[in-house]
Amino acid sequence: MLLVVSAPSGAGKHTLLHELLKGDGNIGYSVSATTRAPRPGEREGVDYYFLSDGEFAARRSRGEFLECFEVFGKGHWYGTLASEVGPKLDEGKWVVLEIDVKGAMAVSERHPEAISIFIAPGSTEELERRLRGRETEDETAIQRRLGQARQELAAAGRYKHYVINDDLD
């Protein structure tokens with residue numbers, strides 16, 4: 001079964017999924033591919049598959065992605081490789097896709113049986129506090145992420161489940 005999880009940046013989806021995946025061998029995590037450069041501490045094949053623009057485009061043209069989109073209009077592509085999902089499903093595992101709203105809608109169209117979960121912060125004020133607390137982005141990037149978050153929150157009703165992440169436990 002596919003488990004599709006989306007949330008605005010800063011809502012805590014990665015933290016929640018890390019907790020979910022600890023110690024459960026029946027749940028597989030799908031590592032996404034991207035054309036952006038690795039951030040400090042990110043590892044190839046663990047955090048993302050870091051592909052060149054040409055390699056990503058070639059794989060896209062060969063139909064190797066379940067979904068893929070350019071994100072934030074900055075020329076960076078992200079996508080879910082079918083090769084990350086199919087073998088795990090064939091083994092009878094649940095497969096978690098941590099993807100954005102556009103990707104989630106594309107996967108849900110191809111796999112209507114997928115369980116979709118939208119994770120939201122307690123409020124937009126809380127989301128802004130978390131984004132600023134990271135201290136990894138400038139004001140322009142924070143404002144862009146908050147604008148994107150408003151659009152993503154507006155699409156939350158298209159998911160089968162809605163979770164407010166205001167208490168990790």
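Worth knowing before you read on, the calculation uses all heavy atoms, side chains too, and leaves out hydrogens, waters and symmetry mates.
Here the side chains of V163 and F118 are not in contact, with every heavy-atom distance at 4.5 Å or above. The side-chain heavy atoms of L97 and V107, taken from C-beta on, include a pair separated by under 4.5 Å. Two residues are said to be in side-chain contact when any heavy atoms from C-beta on lie closer than 4.5 Å; D100 and V71 meet this criterion. At least one side-chain heavy atom of Y49 sits less than 4.5 Å from a side-chain heavy atom of V31. The shortest side-chain heavy-atom distance between L20 and L3 falls under the 4.5 Å cut-off. Looking at heavy atoms from C-beta onward, D166 lies out of side-chain contact with P121 at the 4.5 angstrom threshold.
The distance from the CG atom of L81 to the OG atom of S30 is 7.5 Å, given to the nearest 0.5 Å.
A distance-only check finds no donor-acceptor pair linking the side chain of R110 to the backbone of A106 [under 3.5 Å]. A donor-acceptor contact shorter than 3.5 Å links the side chain of T35 to the backbone of W77.
In terms of the side chain to side chain donor-acceptor pair (under 3.5 Å) criterion, residue partners of E113 (sequence neighbours excluded) are, by chain and number, H111. In this view, R132 and E128, E139 satisfy the side chain to side chain donor-acceptor pair (under 3.5 Å) rule, not counting sequence neighbours. Q151 pairs by the side-chain contact (heavy atoms from CB on, under 4.5 Å) definition with Q148, not counting sequence neighbours. For S83, there are no side chain to side chain donor-acceptor pair (under 3.5 Å) partners two or more places apart in sequence or in a different chain. Residues that satisfy the side chain to side chain donor-acceptor pair (under 3.5 Å) test with R130, not counting sequence neighbours, are E126.
Follow the hydrophobic side-chain contacts under 4.5 Å out from L17 and you never reach L2; the two are in separate clusters. Grouping the Ile, Leu, Val, Met, Phe, Trp and Tyr side chains by contacts below 4.5 angstrom, directly or via other members, places I164 with V101. The same ILVMFWY cluster, assembled from side-chain heavy atoms under 4.5 Å apart, contains both W94 and L16. By the rule that hydrophobic residues join a cluster once side-chain heavy atoms approach within less than 4.5 Å of another member, I142 and L127 end up as members of one cluster. By the rule that hydrophobic residues join a cluster once side-chain heavy atoms approach within less than 4.5 Å of another member, M1 and I117 end up as members of one cluster.
For residues 83-94, every residue pair satisfying the salt bridge (Lys or Arg N to Asp or Glu O under 4.0 Å) rule, not counting sequence neighbours, is listed here: E84-K88, E91-K93. Note on residues 7-48: pairs passing ring-ring contact (aromatic ring centres under 6.0 Å, His included), not counting sequence neighbours, are Y48-F50, Y48-Y78. For residues 31-40, the pairs satisfying salt bridge (Lys or Arg N to Asp or Glu O under 4.0 Å) are R36-E42, with sequence neighbours left out. Pairs of residues two or more places apart, or lying in two chains, that qualify as salt bridge (Lys or Arg N to Asp or Glu O under 4.0 Å) and include a residue from residues 51-60 are E55-R59, R59-E64.
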Return a table of donor-acceptor pairs under 3.5 angstrom between the side chains of residues 153-160 and protein atoms on other chains or two or more places apart.
| unit_1 | atom_1 | unit_2 | atom_2 | d |
| --- | --- | --- | --- | --- |
| Y159 | OH | S6 | OG | 2.7 |
| K160 | NZ | P112 | O | 2.9 |
| K160 | NZ | A114 | O | 2.6 |

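Between A82 and P87, the shortest heavy-atom distance links the atoms O-CD, 4.1 Å. Between G41 and D47, the shortest heavy-atom contact is O-OD2, 3.9 Å. Here the closest non-hydrogen pair linking S32 and E98 is OG-O, 4.1 Å. The minimum heavy-atom distance between L51 and A33, with the atom names listed, is CD1-CB, 3.8 Å.
The hydrophobic cluster containing V46, built from Ile/Leu/Val/Met/Phe/Trp/Tyr side-chain heavy atoms closer than 4.5 Å, comprises no other residue. With a 4.5 Å cut-off between side-chain heavy atoms of Ile, Leu, Val, Met, Phe, Trp and Tyr, the cluster of F69 takes in none.
More than 12 heavy atoms of other residues, nucleotides or ligands shown are found within 6.0 angstrom of CZ on R62.
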Report the C-alpha separation of V96 and L21 in whole Å, then their side-chain angles, then the decisive distance to 0.1 Å, and conclude whether the side chain to side chain contact (heavy atoms under 4.5 Å, CB included) test is met. CA-CA 9 Å; V96 177; L21 294 169; 4.3 Å; yes

Assess whether side chain to side chain contact (heavy atoms under 4.5 Å, CB included) is satisfied between V5 and I119, documenting all intermediate values. CA-CA 7 Å; V5 180; I119 299 172; 3.5 Å; yes

